[in-house]
Enquirer: 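Please see the structure below; I have some questions.
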There are 2 protein chains.
Amino acid sequence: MVWKASHKEESRQKILTAAADLFTRKGFNRVGIDDVMAAAGMTRGAFYAHFSSKFELYEEAILKAGRAAMQHFEENSASSEDLIKNYLSEEHLLSDDIRCPLACLVSDVAHDDVRVKQTYTKIFKGFLKNLQEKPESGNEESAVLLKAVLMIGGMALARSLTDKQLAKKILKTCSEAAMVPEREGSNY
Amino acid sequence: MVWKASHKEESRQKILTAAADLFTRKGFNRVGIDDVMAAAGMTRGAFYAHFSSKFELYEEAILKAGRAAMQHFEENSASSEDLIKNYLSEEHLLSDDIRCPLACLVSDVAHDDVRVKQTYTKIFKGFLKNLQEKPESGNEESAVLLKAVLMIGGMALARSLTDKQLAKKILKTCSEAAMVPEREGSNY
DNA sequence: GTCTATAATCGGATAGAC
DNA sequence: GTCTATCCGATTATAGAC
């Protein structure tokens, strides 16, 4: 049988997309290779033509999820305030397709091995850079770090609470607070 | 063989202590019943005389870890500022015996079933109440929520980064920021 | 490159002796 | 109440056909 040159890469991307979705939604351990491959429209046997282990998939999937989330929130946010508002929105909390791995996997990653933590750290630093580069943003390092913690921490916490009223209040409060620091030292 | 009336309860507490330690350190999935029982000085077979399932143990262990952490930080903190400083300290980050499950398991819990999330929510509300009751603390709800997010989110994030310099900076920045809000509306 | 079938392992839960 | 031995389901990874 003959395969298009692009076919393998397409399959690989399908697997990664499915994995990014499932891992951020259910965590590493609650997702089997079967689940990922089924979601990608294939069966288990094909997996190892693309990745050497579930761990390798995990790392790449987290990266992909991070890029996808970043891009999504960037595209829909002209200002730093928009970015914060969108990130800490109920849409993000409930979204079926966009979930930031920094929030979905904060504590998960802490229990994984160093390589996963390194990947996470890399994504986190990209997140910081993004926050910092928004033109009208207060970009002292401490202000940026605080925003990041309020965004990631607020969203992570909201996801773990059964009291959805309280979860929403957290999102709202963090959103408002994260917008304040940038006014100090900004131009208007 | 005859057993002291207190023996069973002692064993139970040993198991819970070991479980609280292991689960907050490694997460639910990376810890087997074997591990817990070995740490408690027993073998697997004895487990089911105390708990009906690993899940049941998880819930109780989280509660125990929460109470232990709360008590530890309360005891060593006269003021709200002390509490924040101690919670966001490097000692807490590196501690072998005291780790707050709210930070260690934020995103883990999000992937678990409702009952675990309910337990987590309960602990979180206790945490809020504690923050609120500190006499000199600013206790508007929003201020308390922000402190909680900075503490839990900051510690969770610090645990997941390989860049320990950055992790420390996060702890320090969150610590300072969490102390600010309470000055508004306080008495001095 | 993807499939089906299977090997190998690990971990939760149970049974029965003491 | 705790032990050892065992069952059993789930899941990662591999083998070999197409």
Side-chain angles (χ1 to χ4, degrees), chain A residues 1-62 105 108 111-113 115-116, chain B residues 1-62 105 108-109 111-113 115-116 119:
Chain A
M1 224 186 264
V2 174
W3 308 94
K4 287 192 235 154
S6 60
H7 185 217
K8 180 167 184 180
E9 184 55 24
E10 276 172 23
S11 292
R12 191 186 153 84
Q13 290 307 318
K14 269 190 219 158
I15 296 172
L16 277 173
T17 303
D21 175 65
L22 288 168
F23 284 142
T24 54
R25 187 195 306 276
K26 304 185 177 184
F28 182 73
N29 304 280
R30 299 280 242 259
V31 174
I33 293 181
D34 272 5
D35 303 320
V36 175
M37 293 306 280
M42 283 171 276
T43 60
R44 182 175 42 222
F47 176 76
Y48 294 92
H50 299 280
F51 302 92
S52 69
S53 72
K54 192 186 170 189
F55 263 110
E56 191 185 309
L57 173 66
Y58 191 45
E59 287 188 54
E60 296 213 36
I62 290 177
L105 301 170
D108 287 72
H111 310 133
D112 292 327
D113 72 41
R115 294 194 52 204
V116 177
Chain B
M1 222 185 266
V2 173
W3 308 92
K4 287 190 234 156
S6 60
H7 185 218
K8 180 167 184 180
E9 184 56 23
E10 277 171 22
S11 292
R12 192 186 153 84
Q13 291 306 319
K14 269 190 218 159
I15 297 172
L16 277 173
T17 303
D21 176 66
L22 289 167
F23 284 142
T24 54
R25 188 195 306 275
K26 304 185 176 184
F28 182 74
N29 303 280
R30 299 282 242 259
V31 174
I33 292 181
D34 273 4
D35 302 320
V36 175
M37 293 305 281
M42 284 170 274
T43 61
R44 184 173 42 220
F47 177 76
Y48 294 91
H50 299 279
F51 303 91
S52 69
S53 74
K54 191 185 171 191
F55 264 110
E56 191 185 309
L57 173 66
Y58 192 44
E59 288 188 53
E60 296 214 37
I62 291 177
L105 301 171
D108 287 71
V109 164
H111 310 133
D112 291 327
D113 72 41
R115 294 194 52 202
V116 177
T119 302

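We use all heavy atoms of the structure for the numbers below, so side chains are in, but hydrogens, waters and symmetry mates are not. Below, chain A is the first sequence line, B the second, and so on; all start at residue 1.
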Enquirer: So, is A:Thr43 close to the C:dT4 phosphate, meaning a side-chain N or O under 4.0 Å from OP1 or OP2?
Expert: yes
Enquirer: Check whether any side-chain heavy atom of A:Val36 lies under 4.5 Å from a side-chain heavy atom of A:Phe47, and answer yes or no.
Expert: no
Enquirer: What nucleotide among D:dT2, D:dA13, C:dT2 has an atom nearest to a side-chain atom of A:Ile33?
Expert: D:dA13
Enquirer: Report the distance from atom CD of A:Gln13 to atom C1' of C:dG1, rounded to the nearest whole Å.
Expert: 16 Å
Enquirer: With heavy atoms under 4.0 Å as the rule, sort A:Gly45 into base, sugar-phosphate or nothing.
Expert: base
Enquirer: By the 4.0 Å heavy-atom rule, please label A:Val36 as base, sugar-phosphate, or nothing.
Expert: nothing
Enquirer: Nearest-Å distance, CG (A:Asn29) to C1' (C:dG12)?
Expert: 15 Å
Enquirer: Within this structure, what is the CD-to-P distance between A:Glu56 and D:dA13, rounded to whole angstrom?
Expert: 10 Å
Enquirer: Can you check whether any acceptor in the base of D:dT2 is under 3.5 Å from a donor in the side chain of B:Arg44, or vice versa?
Expert: no
Enquirer: Roughly, in whole Å, what's the span from NE2 in B:His50 to C1' in D:dC3?
Expert: 12 Å
Enquirer: Between A:Phe28 (CZ) and D:dT12 (P), how many Å, whole number?
Expert: 7 Å
Enquirer: I'd like to know whether A:His111 forms a side chain to side chain contact (heavy atoms under 4.5 Å, CB included) with B:Leu105, so could you lay out the CA-CA distance, the side-chain angles of the two residues, the decisive distance to 0.1 Å, and finally the verdict.
Expert: CA-CA 10 Å; A:His111 310 133; B:Leu105 301 171; 3.9 Å; yes
Enquirer: Starting at atom CE of A:Met37, determine the distance to atom P of D:dA13, rounded to an integer number of angstrom.
Expert: 13 Å
Enquirer: Apply the side-chain hydrogen bond (donor to acceptor under 3.5 Å, both in side chains) test between A:Arg12 and each candidate in A:Glu60, A:His7, A:His50; give the one that qualifies.
Expert: A:Glu60
Enquirer: Could you please name the option among C:dG12, C:dG1, C:dC3 that lies closest to any side-chain atom of A:Met42?
Expert: C:dC3
Enquirer: Kindly indicate whether a cation-pi arrangement holds for A:Lys54 with A:Phe28, taking the cut-offs as under 6.0 Å to the six-membered ring centre and within 45° of the axis.
Expert: yes
Enquirer: C:dG16 P sits how many Å from B:Tyr48 OH, rounded?
Expert: 17 Å
Enquirer: Nearest to the side chain of A:Lys54, which nucleotide is it out of D:dG1, C:dT2, D:dT12?
Expert: D:dT12
Enquirer: Yes or no on side chain to side chain contact (heavy atoms under 4.5 Å, CB included) for A:Phe51 and A:Leu16, after CA distance, side-chain angles and deciding distance?
Expert: CA-CA 10 Å; A:Phe51 302 92; A:Leu16 277 173; 3.8 Å; yes
Enquirer: Where the side chain of A:Ser11 is defined as all heavy atoms beyond and including C-beta, which of D:dC3, C:dC3, C:dG1 is the nearest nucleotide?
Expert: C:dG1
Enquirer: Can you tell me the distance, in whole Å, between the NZ atom of A:Lys14 and the C1' atom of C:dG1?
Expert: 12 Å
